[in-house]
Amino acid sequence: MKKLSYILLALGLSATSCKKFVTIDNAPNSLSPTDVYAADATATSAVVAMYTYYATTYSLQYYTWTAELLGDDVQYRYYSSTPGLAEYQNGNVTTTNNTLRYNQWYYPFYVVAQANSAIDGLTKSTTLTGSVKNQLLGESYFMRAFHFFYLNNFFGGVPLSLDPVALNNSALARSSKADVYAQIITDLKTAADLLPGTYTGTLHARVNKHAAEALLARVYLYQKDYANAVTYATKVIGATDVTYSLSDLATTFKNSSAETILQFATYYGYTSFGYRAAAATTIPDYYLYSNFMNQFETGDNRKTAWTDSLVSGGTTYRRVNKYKLGTATAGDEYYVILRLAEQYLIRAEANAQLNNISAAQADLDAVRNRAGLGNTTAATKDDLLTAIAQERKIELFGELGHRWFDLVRTGQADAVLSKVKSTWVPRDTLMPIPYQEILNNKNLTQNPGFE
């Protein structure tokens, strides 16, 4: 009877305290999700915070660092404290690499989770100003698509975490790469429909309609849907509500550049991406392969405008000099996410694939002429595709891994990288799913060759 009374007491306490176990009170000085998305100001703060979350900034940096090291333009100056980055440069990323787990997997999914929460809260809200609600929803859909794009291209299909309740996503299996792309396209089209073509503020530092269209053009190119790649790149290049133009090389990465389609603000107004140290005479963490400098044609002004060199200990280090500031208290450089030159090159490649030779030449020449070069001599489809690939390598080096993704999507990675990476094997065109994530979620499967 005594045991029974204890059991009944425990059950009684459970019944009276059930709400306490399942309902977590808000932290002091915080708002509930319902309250956050009830007013324009707090809803805007929640969404704008996604641009500067530590998870967002870490993702951006490591999208660049890891993908550039995987390619053949940028190398890393080793430190014993970060040996994991050597795996990217050598082409042998292991399943236990912490950079892989946190910076390429966990942080992107963290931002996706924030976007899911925002989409849910904004959709349910009935008290927001209509234009504000559309703007914030469009930004949230874009953020989710943007990070899924990188996850999909690094890992080759990932769990489609779309539920605002994080726990409901914890045991998802991987979706196919095609299905993830389908969701990305849906999100970006939704964003484009919701967003205005003009920008919020004077700088191009928040997502607008054309940012969604620009990322759509890239997605369609990667999927070999060349007609749609042309369509969406043309929407951006021909935009009338905002005027984009290829800027002078010296100002391309200024935060006021008319070439920028989207940039993410930084606290002090500078970003070196590790390409420039605070002291001008300090060797940067990341620098160019010396043979990359031989890729520039004679007279290409990008060589002097976007690279420089530093001699230390008798060794010459070739630096990426697109971002000029290594430190600042009030600088004028932000993270450039999307810019017009890429759209010209997307449209050029897509038109070449469609045998629209003169149109492809015109767009290629727009980029070449800005760099001080004459018109292309390539006149056939195959020659144009080779010329465009080379132009992408020279125009987009050091930026968010374009070179690496180009090699993979065009099937050139094995032939090119096996010559420059000491431990390269063909499986390395995909990153392994982090070992700890597979332990956490038994429904995750590993990429071939990493089992």
Side-chain angles (χ1 to χ4, degrees), residues 46-70 84-85 88 93 95-119 139-177 179-188 191 207 211-212 215 218-219 222 262 264 271 273 335 337-338 399-402 404-405 408 430-438 440-441 444-447:
V47 171
V48 171
M50 276 193 285
Y51 289 85
T52 54
Y53 278 145
Y54 72 92
T56 302
T57 56
Y58 282 176
S59 294
L60 291 176
Q61 292 178 77
Y62 280 91
Y63 288 161
T64 287
W65 292 338
T66 58
E68 291 297 326
L69 291 176
L70 287 166
L85 288 173
Y88 290 88
V93 181
T95 63
T96 55
N97 188 303
N98 280 331
T99 294
L100 176 83
R101 183 188 176 196
Y102 291 106
N103 301 106
Q104 287 186 278
W105 184 276
Y106 173 78
Y107 291 136
F109 271 117
Y110 181 92
V111 183
V112 167
Q114 301 309 305
N116 289 340
S117 178
I119 290 168
E139 289 175 283
S140 300
Y141 279 111
F142 177 91
M143 287 294 191
R144 186 166 75 180
F146 177 79
H147 289 285
F148 268 135
F149 173 84
Y150 281 94
L151 285 164
N152 207 28
N153 280 284
F154 276 126
F155 296 102
V158 294
L160 268 176
S161 305
L162 305 177
D163 197 304
V165 179
L167 189 61
N168 294 340
N169 299 315
S170 62
L172 290 177
R174 296 172 67 184
S175 294
S176 69
K177 192 171 184 178
D179 285 346
V180 178
Y181 264 137
Q183 183 64 49
I184 291 168
I185 289 170
T186 296
D187 282 355
L188 290 175
V207 177
L215 188 52
R218 186 195 296 176
V219 168
Y222 277 40
L262 179 64
F264 287 179
T271 174
F273 269 129
Y335 294 117
I337 306 301
L338 297 163
E399 296 180 56
L400 289 165
H402 284 287
W404 159 251
F405 295 124
V408 173
L430 289 177
M431 296 294 97
I433 306 301
Y435 173 72
Q436 189 61 48
E437 298 304 319
I438 290 179
N440 294 341
N441 177 4
L444 286 179
T445 55
Q446 185 56 271
N447 280 324

Kindly say whether [Y] contributes a backbone atom to a donor-acceptor pair with the side chain of [X] at under 3.5 angstrom?
| X | Y | value |
| --- | --- | --- |
| Thr56 | Thr52 | no |
| Asn169 | Asp163 | yes |
| Gln446 | Ile433 | yes |
| Thr95 | Tyr435 | no |
| Thr99 | Leu85 | no |
| Trp65 | Phe273 | yes |
| Ser117 | Gln114 | no |

Between [X] and [Y], a side-chain donor and acceptor under 3.5 Å:
| X | Y | value |
| --- | --- | --- |
| Gln436 | Asn440 | yes |
| Tyr88 | Glu68 | no |
| Tyr181 | Asn153 | yes |
| Gln183 | Asp187 | yes |
| Arg174 | Asn447 | yes |

- [ ] Show your reasoning for whether side chain to side chain contact (heavy atoms under 4.5 Å, CB included) applies to Phe146 and Leu60.
- [x] CA-CA 11 Å; Phe146 177 79; Leu60 291 176; 3.8 Å; yes
Check whether any side-chain heavy atom of [X] lies under 4.5 Å from a side-chain heavy atom of [Y], and answer yes or no.
| X | Y | answer |
| --- | --- | --- |
| Asn98 | Tyr106 | no |
| Leu172 | Leu160 | no |
| Ile119 | Arg144 | yes |
| Trp105 | Phe155 | yes |
| Gln104 | Met431 | yes |
| Tyr51 | Met143 | yes |

Open item on the list: Please enumerate all residues that pass side chain to side chain contact (heavy atoms under 4.5 Å, CB included) together with Ala211, with sequence neighbours excluded.
Closed with: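 Counting only residues at least two positions away or on another chain, Ala211 forms a side chain to side chain contact (heavy atoms under 4.5 Å, CB included) with Phe142, Val207, Asn208, Ile261, Leu262, Leu338.
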TODO: Start with the C-alpha distance between Tyr150 and Leu400, add both sets of side-chain angles, then the distance that settles side chain to side chain contact (heavy atoms under 4.5 Å, CB included), and finish with yes or no.
DONE: CA-CA 10 Å; Tyr150 281 94; Leu400 289 165; 3.6 Å; yes
Open item on the list: Determine whether Tyr63 and His147 satisfy the following criterion, side-chain hydrogen bond (donor to acceptor under 3.5 Å, both in side chains), listing intermediate values before the conclusion.
Closed with: CA-CA 10 Å; Tyr63 288 161; His147 289 285; 2.9 Å; yes
TODO: State whether the number of non-hydrogen atoms from other residues, nucleotides or ligands found under 6.0 Å of Tyr53 atom OH is greater than 12.
DONE: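 Buried by this count: over 12 neighbours within 6.0 Å.
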Task: Gly401 to Ala67 - nearest heavy-atom pair and separation - done: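 In terms of heavy atoms, the two residues are closest at CA-CB, 3.4 Å.
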Task: Nearest atoms (heavy-atom pairs only) where Gly157 meets Val180 - done: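 Looking at all heavy atoms of both residues, the shortest contact is CA-CG2, 4.4 Å.
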TODO: Anything under 30° is parallel, anything over 60° is perpendicular, the rest tilted; go ahead and classify Tyr54 against Tyr58.
DONE: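 Rings of Tyr54 and Tyr58: perpendicular, over 60°.
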- [ ] Determine the interplanar angle of the Tyr222 and Phe149 rings, folded into 0 to 90°, and report it as parallel if under 30°, tilted if 30 to 60°, perpendicular if over 60°.
- [x]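 Rings of Tyr222 and Phe149: tilted, as their planes differ by 30° to 60°.
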- [ ] Apply side chain to side chain contact (heavy atoms under 4.5 Å, CB included) to Ser161 and Phe109, showing your working.
- [x] CA-CA 8 Å; Ser161 305; Phe109 271 117; 3.7 Å; yes
